Amino acid sequence: QVQLVESGGGLVQAGGSLRLSCAASGRTFRGYAMGWFRQAPGKEREFVAALKWSGGSTSYADSVKGRFTISRDNAKNTVYLQMDSLKPEDTAIYYCAATYGSIWYGPLADYNYWGQGTQVTVSS
């Protein structure tokens, strides 16, 4: 059974940084894409960033491009989201997800497995 466990959320001032981690288990993720999504209060969940486990191709939402970096550690089966220059509008619950589907990035991304989420709060 696939399990995705996020960690690293918290409270940070605007301009600060956080690094989220997603520990993946339950299968081999070669061939999968791993993504980060977020949902702010009163808003729909939105795509943030994604990475192909094999090859390492990445994709980012325009709102985080240049500030966030997604990466992976094959040995630890862990995906990271380094978030720099954080803004109050980045405040949300951040979810890690995995997919074996072909649409792995963007607003139409379709993911099969989800973590429980971790709260990120950016104060002004």
Side-chain angles (χ1 to χ4, degrees):
Q1 184 174 346
V2 173
Q3 277 198 315
L4 304 172
V5 180
E6 303 99 332
S7 61
L11 173 64
V12 64
Q13 286 190 330
S17 298
L18 281 175
R19 189 178 79 158
L20 305 183
S21 300
C22 173
S25 62
R27 66 164 302 120
T28 300
F29 288 91
R30 192 181 305 125
Y32 275 61
M34 305 295 293
W36 287 96
F37 294 76
R38 67 186 182 187
Q39 187 166 20
K43 295 188 176 181
E44 292 190 354
R45 187 168 57 197
E46 63 175 357
F47 169 79
V48 174
L51 171 150
K52 290 286 278 185
W53 201 277
S54 298
S57 298
T58 59
S59 179
Y60 296 91
D62 288 343
S63 58
V64 306
K65 217 172 272 186
R67 300 189 297 122
F68 291 10
T69 304
I70 188 171
S71 62
R72 74 194 188 289
D73 184 327
N74 289 337
K76 295 182 178 180
N77 240 26
T78 298
V79 176
Y80 303 98
L81 185 68
Q82 177 66 41
M83 305 186 295
D84 299 318
S85 302
L86 282 162
K87 305 175 181 179
E89 51 264 44
D90 295 318
T91 295
I93 299 174
Y94 282 71
Y95 297 91
C96 174
T99 182
Y100 47 80
S102 58
I103 306 176
W104 57 277
Y105 62 91
L108 299 180
D110 184 18
Y111 277 67
N112 308 102
Y113 305 101
W114 294 86
Q116 83 287 351
T118 185
Q119 177 71 47
V120 171
T121 303
V122 184
S123 63
S124 57

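Hydrogens, waters and symmetry mates play no part in the numbers below; they use all other heavy atoms, side chains included. FYI, the numbering just counts along the sequence from 1. The shown structure was predicted, so the numbers you read here are calculated from the model rather than taken from an experiment.
Not a single donor-acceptor pair under 3.5 Å links the side chain of Glu46 to the backbone N or O of Pro107. A donor-acceptor contact shorter than 3.5 Å is absent between the side chain of Thr28 and the backbone of Arg30. Side chain of Asn77 to main chain of Ala24: a donor-acceptor pair is present (N/O by atom type, distance under 3.5 Å, no hydrogens or angles). Although no hydrogens or angles enter the test, the distance criterion places a donor-acceptor pair under 3.5 Å between the side chain of Tyr111 and the main chain of Trp104. The main-chain N or O of Ser85 is found under 3.5 Å from a side-chain atom of Arg67 such that the two form a donor-acceptor pair. Without hydrogens or angle criteria, Thr99 side chain to Asp110 main chain gives a donor-acceptor distance under 3.5 Å.
Thr78 and Ser21 make their closest contact through CG2-CB, 4.2 Å (heavy atoms, listed as atom of the first residue, atom of the second, distance). Between Thr69 and Tyr60 the shortest heavy-atom distance is CA-OH, 3.4 Å. Residues Leu20 and Thr118 come closest through the heavy atom pair CD2-CG2, 4.0 Å. Considering every non-hydrogen atom in both Arg38 and Ser63, the closest pair reads NH2-OG, 3.5 Å. The minimum heavy-atom distance between Ser123 and Leu11, with the atom names listed, is CB-CD1, 4.3 Å.
Side-chain contact between Met34 and Arg72: absent, with no pair of heavy atoms (C-beta onward) separated by less than 4.5 Å. Contact of the Thr91 side chain with the Gln119 side chain is registered, since non-hydrogen atoms from C-beta on lie closer than 4.5 Å. Between Asn74 and Trp53, the closest side-chain pair of non-hydrogen atoms falls below 4.5 Å. Counting only heavy atoms from C-beta outward, the side chains of Ile93 and Arg45 never approach each other to under 4.5 Å. A 4.5 Å side-chain heavy-atom check between Phe47 and Ser59 finds at least one atom pair inside the cut-off. The closest side-chain heavy-atom distance from Arg19 to Leu81 is not below 4.5 Å. For the pair Asn112/Tyr100, a side-chain contact is recorded, criterion being any heavy-atom separation below 4.5 Å from C-beta on. Under the 4.5 Å side-chain criterion, counting only non-hydrogen atoms from C-beta, Ser71 is not in contact with Gln82.
For Phe37 and Tyr95, the distance between ring centers is not under 6.0 angstrom.
Taken together through direct or relayed side-chain contacts under 4.5 Å among Ile, Leu, Val, Met, Phe, Trp and Tyr, Trp36 and Leu86 form part of one hydrophobic cluster.
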- Assess whether salt bridge (charged side-chain N to carboxylate O under 4.0 Å, His left out) is satisfied between Asp90 and Lys87, documenting all intermediate values. CA-CA 5 Å; Asp90 295 318; Lys87 305 175 181 179; over 6 Å; no
